Amino acid sequence: MSSDSLSLTFPDGSVREFPNGSTGYDVAKSISPRLAREALSITLDGQIRDLNRPITVGGYIKINTWDTEDGQQTFWHSSAHLLAEATQELFPDVKFGIGPPISNGFYYDMDFGDHKVTEADLRKIEQKMLELARNKSTFDRIDISKSDAVALFTEKADPYKIDLLEGLEDGQITLYKQGNFTDLCRGPHIPSTESIKAIKLLHIAGAYWRGDVKSKQLTRIYGVTFPKKSMLDEYLIQLEEAKKRDHKKLGRELGIYIIDSMVGKGLPLWLPNGTMIRRTLEAFLRDEQVRRGYKEVITPHIGNLELYKTSGHYPYYADSQFDPIQVEDEHYMLKPMNCPHHHRIYSSSLRSYRDLPLRLAEFGTVYRYEQSGELNGLSRVRGFTQDDAHIYCTHEQLKDEIKNCVDLTKYVFNTFDMSVDIRLSFRDDKKDKYGGDGAFWNRAQTEINEVADELGLDYVIAPGEASFYGPKIDFIIKDALGRKWQVGTIQVDYVMPERFDLTYVGSDNQKHRPVIIHRAPFGSMERFTSILIEHFAGDFPLWLSPLQIMLIPVSDQFTDTAKEYEQQLKEAGLRVETDERNDQIGAKIRDAENRKIPYMLIIGEREKNEGTVSVRRHRIGDMGSLNFSEFLSKVSLEVKNRVNPPKSK
RNA sequence: GCCGAAGUAGCUCAGCUGGUAGAGCAACGCUCUCGUAAAGCGUAGGUCGUCGGUUCGAAUCCGAUCUUCGGCUCCA
């Protein structure tokens, strides 16, 4: 290959030669004029680059249009610059922080001085952005020396940019300029503001500079942009749909839980319907755990402060615990976790290697002080119940036990057809964040990694996300609004056995240290329930639904027949009610549909005579008539198999 | 905790620049005895989150406070 030409490999595997110095635009144009028109950037060997930047080295190339994630990121990154330009026009004294693209749009952190940004400001900035976009300004890349860059931002009196520059090396500093706005930026950007056709600034938030609470709090403006107006409309409709699934809204409408200000912030009260769901979930997991050799225990809601000094949780997590309670001469803590209690159960008798693994499980309620601004419905609370268990095992048993935990966790999520992301949370190099011996840590991380590979898990490794006593496998799920929540977790712990001096007698008649696995498939019953509400949009599978069947007599002369069926269904273990109200059936059906009751049985003259029921399925509609006994066996099977609700729409 | 926004009937919301509150649904009562997403009529329900201030007069303006929501920070 001569230096005058470039060899580019395309996603379909084809390889083509281009003159050295060709731009992404040239390449796109050689494929089709339409692609050239729609291209936003290219990805060359995994790196996103400007469309109009000359390519000097060959490699794997992708042309990024709006339809690709890389294309959207480029688009939104440029949109952040447009937001900054518009803001600068309207508020010339504003200082700029950072403005990256995010998974659904972009933001820019800015220092508005004494000005408080309002909704009205957002609308004005939006208008200015649209106006500037129509100028069709190009995004121009400028290579600059560090000293020139410092001089430029000193002149602009932009302290945050100068702060950023301090962390950068000379020789790799670039600026991007569009219209009258120049920003320190590594890029890349779309060719011109022209393609930004629809803009919505969504909300204002405070954000600390560099994420540090001690730094100045800047004003963050979130926005989203699209190349077509219709896409924005569609996006806004989607947002509305997501809000309809919000567990805080459905939680109230379906009588699942309330948060009462007199009881306290972050302290949910489970209503009868919610309690039914939760108890059913607990029974589901309890049965599965019994099958897998767990023993259930019960421990109190408080514990002596000494317990948490021994574990190291106190004062390590003092900031997120409720203050100790003084009783006579002693101090007690509302328990922030269940482990220490379980460790003491382990210690309560001499353990032989023949006793291991010992798997102690508890639906244990814990209390943590969460900052008030962080509380959120059932997702983030101050008192919650973990489906906790601690597995005490020998080192030889560890990997199999981790596998069993992964298997159980996956079984749980599969039951609900939920997709989860798996994260291996390891430690980073901030040593004081973690307890225990470094050698134990390395061993535990290696073992977790090996298990994940042996099971063929699809995972990402997250340094710095470990707990203080050990690395973990975390299961992460997204809520209706795309926010991520950690649900299940599996943690390997070599630290607590040391701190609590846990031992077992081995076959060699010597004392040995067990290893502990902490695990919770649901994580927290509160959070998991919130995720379930949003996952099913309130349409729970039959086995979980608080009320499974509503009997609807056509008029009150059929109420007796309905009540007979109600009795038989109850005896079969189903949750049933008869709607005896003096309403027309249309109204009763509508009411049952709104309450998201899985089955409605309509009973009138015909059914009474034939011994049948007319079956209506929530969201599906009339399913015709069945003999009562046929219906009973159908629903019994549906409960037994934990069938997920039919998907429509 | 910090930044921003919002609190009017059980729920969803109206109430313009100050003249002491209004609708729909739900609830309750009566009538209708009804066939797959809303029958008709009527009744009751609010010291407008709370406290203070301005004013002849405050749901409306100002301050404080509480709660909730969206973020930030934190998360064993």
Side-chain angles (χ1 to χ4, degrees), chain A residues 107 109 112 116-119 121-122 202-222 243 246 248-249 252-253 258-262 264-266 308 311-314 316-321 335-340 366 368-377 380 386 388 425 433-435 465-470 472 481 483 485-486 489 491 493 495-496 518 520 524 552-559 581-594 600-607 614-625:
Chain A
Y107 66 79
D109 285 347
F112 281 81
K116 303 249 184 245
V117 182
T118 63
E119 285 287 324
D121 291 331
L122 292 191
L202 296 161
H203 36 251
I204 311 164
Y208 299 105
W209 172 240
R210 290 181 176 274
D212 182 351
V213 196
K214 293 184 221 66
S215 302
K216 183 158 181 163
Q217 191 162 44
L218 309 180
T219 303
R220 175 172 298 178
I221 297 179
Y222 284 90
K243 276 189 195 154
D246 189 322
K248 294 185 285 293
K249 175 177 148 67
R252 186 183 57 244
E253 288 174 2
I258 53 167
I259 303 240
D260 178 81
S261 59
M262 194 178 278
K265 299 193 250 199
Y308 303 102
S311 71
H313 289 102
Y314 185 89
Y316 205 85
Y317 285 103
D319 287 353
S320 46
Q321 293 168 175
K335 71 175 174 188
M337 78 293 300
N338 302 299
C339 2
V366 298
R368 295 180 187 174
Y369 168 73
E370 301 282 2
Q371 296 185 95
S372 57
E374 193 53 48
L375 300 172
N376 185 306
R380 199 65 183 273
Q386 294 179 313
D388 215 351
S425 298
K433 263 174 77 181
Y434 310 100
E465 293 292 333
S467 78
F468 91 98
Y469 53 73
K472 46 186 187 159
L481 297 170
R483 290 176 294 201
W485 300 94
Q486 183 194 307
T489 183
Q491 313 178 358
D493 178 5
V495 175
M496 291 302 143
H518 306 241
S524 131
I552 301 178
V554 171
S555 71
D556 61 13
Q557 51 190 297
F558 306 107
T559 300
R581 290 175 305 174
N582 193 11
D583 271 318
Q584 299 187 348
I585 68 157
K588 293 183 186 180
I589 285 168
R590 185 183 147 81
D591 189 54
E593 288 283 354
N594 286 337
M600 287 147 271
L601 296 184
I602 287 93
I603 294 154
E605 186 72 36
R606 199 164 60 236
E607 290 76 17
S614 172
V615 181
R616 185 186 167 95
R617 175 82 220 208
H618 170 55
R619 292 204 315 156
I620 306 295
D622 192 352
M623 301 182 75
S625 286

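Computed from a predicted model, the values in this text were never measured in an experiment. All values below come from the heavy atoms of this structure, side chains included, with hydrogens, waters and symmetry mates left out. First the proteins, then the strands, lettered A, B, ... as listed; each starts at 1.
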Spacing of [X] atom [atom1] relative to [N] atom [atom2], expressed in whole Å:
| X | N | atom1 | atom2 | result |
| --- | --- | --- | --- | --- |
| A:Asp583 | B:rC30 | CG | P | 14 Å |
| A:Gln386 | B:rC75 | CD | C1' | 12 Å |
| A:Ile204 | B:rG71 | CD1 | C1' | 11 Å |
| A:Gln217 | B:rG4 | CD | P | 8 Å |
| A:Ile603 | B:rU33 | CD1 | C1' | 16 Å |
| A:Arg368 | B:rC75 | CZ | P | 12 Å |
| A:Phe112 | B:rG4 | CZ | C1' | 12 Å |
| A:Met262 | B:rU67 | CE | P | 12 Å |

Among the nucleotides [options], which one has an atom lying closest to any side-chain atom of [X]?
| X | options | value |
| --- | --- | --- |
| A:Arg616 | B:rG70, B:rA37, B:rG35 | B:rA37 |
| A:Ala587 | B:rC3, B:rA76, B:rA38 | B:rA38 |
| A:Arg581 | B:rC69, B:rA27, B:rC74 | B:rA27 |
| A:Ala205 | B:rC72, B:rG70, B:rG4 | B:rG70 |
| A:Lys248 | B:rG70, B:rA76, B:rU68 | B:rG70 |

For a quick check of understanding: with a heavy-atom distance under 4.0 Å over all strands, which category does [X] fall into, base, sugar-phosphate or nothing?
| X | value |
| --- | --- |
| A:Gly373 | base |
| A:Lys588 | nothing |
| A:Gln321 | base |
| A:Glu605 | base |
| A:Gly604 | base |
| A:Val213 | sugar-phosphate |
| A:Tyr107 | nothing |
| A:Gly470 | nothing |
| A:Arg210 | nothing |
| A:Arg220 | sugar-phosphate |
| A:Ser467 | sugar-phosphate |
| A:His313 | base |
| A:Tyr316 | nothing |

**OP:** Rounded to whole angstrom, note down the C1' distance from B:rC13 over to B:rU8.
**Re:** 9 Å
**OP:** Sticking with atom P, work out how far B:rA44 lies from B:rG35, rounded to a whole angstrom.
**Re:**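 These two P atoms come out 33 Å apart once rounded.
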Return the pairing partner of [N] with a 3.5 Å limit on both distances, Watson-Crick or G-U wobble; otherwise return none.
| N | result |
| --- | --- |
| B:rG1 | B:rC72 |
| B:rC16 | none |
| B:rA6 | B:rU67 |
| B:rA39 | B:rU31 |
| B:rC61 | B:rG53 |
| B:rC11 | B:rG24 |

Determine the minimum heavy-atom distance between [X] and [Y], stating which atoms define it.
| X | Y | value |
| --- | --- | --- |
| A:Asp622 | A:Gly624 | OD1-N, 2.9 Å |
| A:Gln386 | A:Val366 | OE1-CG1, 3.9 Å |
| A:Arg616 | A:Ile602 | CB-CD1, 4.2 Å |
| A:Pro336 | A:Tyr308 | CD-CE2, 3.7 Å |

On the side chain of [X], is there an atom forming a donor-acceptor pair with the base of [N] - under 3.5 Å, no angle test?
| X | N | value |
| --- | --- | --- |
| A:Gln584 | B:rG40 | no |
| A:Tyr208 | B:rG1 | yes |
| A:Arg619 | B:rA37 | no |
| A:Gln371 | B:rC74 | no |
| A:Arg380 | B:rC75 | yes |
| A:Thr118 | B:rA5 | no |

How far does [atom1] of [X] sit from [atom2] of [Y], to the nearest 0.5 angstrom?
| X | Y | atom1 | atom2 | result |
| --- | --- | --- | --- | --- |
| A:Asn376 | A:Glu370 | CG | CD | 11.0 Å |
| A:Arg368 | A:Tyr317 | CZ | OH | 9.0 Å |
| A:Asp109 | A:Ile221 | CG | CD1 | 9.5 Å |

Would you say a side-chain N or O of [X] is under 4.0 Å from OP1 or OP2 of [N]?
| X | N | value |
| --- | --- | --- |
| A:Arg252 | B:rA26 | no |
| A:Lys265 | B:rC69 | no |
| A:Asn594 | B:rC25 | no |
| A:Ser261 | B:rC66 | no |

**OP:** Give me the one residue out of A:Tyr316, A:Tyr369, A:Tyr314 that meets side-chain contact (heavy atoms from CB on, under 4.5 Å) with A:Gln321.
**Re:**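 When side-chain contact (heavy atoms from CB on, under 4.5 Å) is applied between A:Gln321 and each of A:Tyr316, A:Tyr369, A:Tyr314, only A:Tyr314 qualifies.
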Subject >> Most 5' of A:His518 and A:Lys116 on RNA chain B, judged by nearest nucleotide >> reply: A:Lys116
Subject >> A:Thr219 vs A:Arg606, nearer the 5' end of RNA chain B by closest nucleotide >> reply: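 Taking each residue's closest nucleotide, the earlier one in sequence belongs to A:Thr219.
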Original post:
Is the ring of A:Tyr317 stacked on the base of B:rA76, with centres less than 5.5 Å apart and planes under 30° off?
Top reply: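 Base of B:rA76: stacked against A:Tyr317.
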Original post:
With a 4.5 Å heavy-atom cut-off, do A:Met600 and A:Lys588 have their side chains touching?
Top reply: no
Subject >> Test: A:Asp246 and A:Lys248 ion pair at under 4.0 Å >> reply: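 Yes, this pair counts.
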